[in-house]
Structures are given as C-alpha cells and as structure tokens.
Enquirer: 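Questions regarding the structure given below will be posed in turn.
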Amino acid sequence: MILNFSTSEKERLDEFLRKTLPAAINEENVSNSKIRRLVVAGAVCVNGKQIRRPAFELRGNSSITINYEKEKFLFEKQPDDIKFELSGKNVLFEDDFLICVNKPALFPTEETVVGGEKRDNLHDAVVRYLWKKNPELRNPPYVGIMHRLDRETSGIILFTKQRSVNKEIQRMFAEHDFTKIYVALCSNVSGKTVKKKEFSVEMFMNRISPKSQSAKWGAVTEKFGGLYSKTDFSILKEISYGGECCFAVQANLFTGRTHQIRVHLSSVGLPILGDVLYGGKPEKRVMLHSARLEFKHPVSGKMICIESEPDFLLN
C-alpha cells in the first residue's frame, strides 16, 4: 500500500509522521521506534527522494510517500526484557542540561507497545529517576531522546533535561562532533591469532535481506544505494569467555550506519559473540557496549568524556 501526504510546514520528518501516520493507518499505538525503523528501512520518500534519516527537515511544500506494509509494520516480536530501575550508580554524568546513564543490555531505549501493553524502557526510567529527585514537580520532568542504542546493546546513552539544548545536540550528532567508542567481544571463528592489532573497515552499506526477513545489512556499491561507512578497530586483548576464545575489540565510529560495527567486524572474520545474524556464535545477547562518549558541552563549551566498562570484560 502506498500512502501519500503533503505539508507546507517546516518540521522534522519523524515528527510529521507521528502526527499523521496513526490516523492514516487507523492505529493508535504507533511507537517512535516503529516510525524510526520505517524511515531507516527506506520506506519513506520526500519529493521523490528516498530519505533514511528520521531527523530530516521538511522545509515546506513537501510531498511525502510511504511504502506501507501493515503486517510487517505492526509486527512486534515478544521481548524478554529485564526489569530495571535507574539509580545513582547508573548515572555517569548529570547537570542542569544533560544526563548520561549506563544502559543495561536487554532493555529498550524508548517506548514500544507489545500486545497492547507498553514495555518499560530507559527513557521512562530516567523520567522516574528525575521525578523522584524532584518530588515537588507537578508534572513529569522533561527528558529528551537524542540517540538510541539497540535493546541488546549496553553502555552510555545521553538524554537532555532541557529543550533549549536539543538543537545543538542534534547538530553535533548529525555532524559527527561526538566521539563514540564501542567495545565488542568477537568470536575467533578461525581459531588463529590475529596479527594486525589495528585496522580500518570502509564500505558502502545498505540492506541486503528480503523485506520479509529480519533486516540484514551488508556491502553494496554506491550505485545501488550504498551509504559510506567507516570504523577504526583496535584489538584490546584475547580472552576466554564461556570457554570460547574471543577478542575484545574497540571500535571508533566515523559514521553511524545501521548495524555498522556488526557488519564491519563480520566482514573481516570477527563476528560479535551472540550476533548470529552476522555469523557470531550464539550467546544470551549481542556482546556490544557503548564504552566512551566525548563531546563539547552545548552550554559551557567544556569537553566532556564519559566512560563505561563493559560487563563482559569484568567476568
């Protein structure tokens, strides 16, 4: 089914879809993550051009076309989320404008609905935490989602506490003014010692799986819609995890494509442990952790460096 919309307003694409899509498809429970996945999957065009960035700005007199597949869009796999309540020990940085928290694995970042019931999520946990600290507030405190981590990924995630800094934080993410370091635990599928301790992976990426299957991304040419991606990697150490010989690998992102670290590591024979989609051995989760976030504070201008140790290296 093809859905057509138009607008003369200046606003973000995802915000426009939040307002218009639920009524158009006669569904009240359309989560932010569903809208984001719809855009990232390439199902939305603006003025005839495919747009994959949810924060894309509509600049007026815009024609929006959506390739809508109801069964696929509404499907939600039943999750096995952990129970989590944010406390001070999980807060890595906080001031009047920002709060950075240590997200646990197997806990979603934002609100989704499964079987008509809302899943608990990190955004709501941050709201509860701040409200508990300020019980005199009549309404829930504002918490802005600036970026996301996959449900299985653990580590640092940043939220805003005031709308006044949102525009600058969004600009910093869009222009890659954040340093984002991840650590992955990789299966040594070859059983050989990796001699090159530092390496880079560059490729053009796009979805390579049929639409009816789980989203899988891989290398394609730019001609076929590939988006440039680059990651620098460093082998930190070789360790044994659950009896398996693994490598702890640090990843420094230069771009932020879907499944980028997972695809890049798999392409060089180092799939992440637990990432069976890209050749990793089965585990309780995809062993990927957001370990460091560096950025210039949007108000003070001071450099902020937040660090978090992955739990799979503490065992």
Enquirer: Within the distance-only criterion (no hydrogens, no angle test), does the side chain of Thr231 pair as donor or acceptor with the backbone N or O of Asn252 below 3.5 angstrom?
Expert: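 No, the answer is negative, given that no donor and acceptor are paired below the 3.5 Å cut-off.
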Enquirer: Residues two or more places apart in sequence or in another chain: which of them pass salt bridge (Lys or Arg N to Asp or Glu O under 4.0 Å) with Glu94?
Expert: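 With neighbours one apart ignored, the set is Lys133, Lys161.
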Enquirer: Can you name the residues that form a salt bridge (Lys or Arg N to Asp or Glu O under 4.0 Å) with Glu85, not counting sequence neighbours?
Expert: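 Checked Glu85 against salt bridge (Lys or Arg N to Asp or Glu O under 4.0 Å); matches are Arg128.
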Enquirer: Applying side chain to side chain contact (heavy atoms under 4.5 Å, CB included), name anything that partners Leu3, two or more places apart in sequence or on another chain.
Expert: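 Testing Leu3 for side chain to side chain contact (heavy atoms under 4.5 Å, CB included), a comparison that skips the adjacent residues, returns Met1, Phe5, Leu21, Ile25, Ile66, Tyr68.
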Enquirer: Look only at the side chain of Lys83 and the backbone of Asp120, and say whether a donor-acceptor pair between them is shorter than 3.5 Å.
Expert: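 It does not hold such a pair.
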Enquirer: How would you list, by chain and number, every residue that makes a side chain to side chain donor-acceptor pair (under 3.5 Å) with Ser234, sequence neighbours excluded?
Expert: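 None.
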Enquirer: Could I get the full list of salt bridge (Lys or Arg N to Asp or Glu O under 4.0 Å) partners for Glu175, not counting sequence neighbours?
Expert: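 Counting only residues at least two positions away or on another chain, Glu175 forms a salt bridge (Lys or Arg N to Asp or Glu O under 4.0 Å) with Arg171.
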Enquirer: My understanding is that only residues two or more places apart in sequence, or in another chain, count here; which of them pass salt bridge (Lys or Arg N to Asp or Glu O under 4.0 Å) with Glu309?
Expert: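 None.
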Enquirer: Phe159: which residues meet the ring pair (Phe, Tyr, Trp, His ring centres under 6.0 Å) condition with it, sequence neighbours left out?
Expert: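 With neighbours one apart ignored, the set is empty.
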Enquirer: Can you tell me which residue pairs pass the salt bridge (charged side-chain N to carboxylate O under 4.0 Å, His left out) test with a partner in residues 245-264, sequence neighbours excluded?
Expert: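 Passing the test, one end in residues 245-264: Arg262-Asp275.
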Enquirer: Can you tell me which residue pairs pass the ring-ring contact (aromatic ring centres under 6.0 Å, His included) test with a partner in residues 122-143, sequence neighbours excluded?
Expert: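 Of all non-adjacent pairs touching residues 122-143, none passes ring-ring contact (aromatic ring centres under 6.0 Å, His included).
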Enquirer: Which residue pairs pass the ring-ring contact (aromatic ring centres under 6.0 Å, His included) test when at least one of the two sits in residues 32-56, sequence neighbours left out?
Expert: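 For residues 32-56, and leaving out neighbouring residues, there are no ring-ring contact (aromatic ring centres under 6.0 Å, His included) pairs at all.
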Enquirer: Return all side-chain donor-acceptor pairs below 3.5 angstrom for residues 38-49, not counting sequence neighbours, or 'none' if the list is empty.
Expert:
{"from": "Asn47", "atom 1": "OD1", "to": "Ser63", "atom 2": "N", "distance (Å)": "2.8"}

Enquirer: What residues, two or more places apart in sequence or in another chain, satisfy side chain to side chain contact (heavy atoms under 4.5 Å, CB included) together with Pro298?
Expert: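 Partners of Pro298 under the side chain to side chain contact (heavy atoms under 4.5 Å, CB included) test: Leu98, Val165, Glu168, Ile169.
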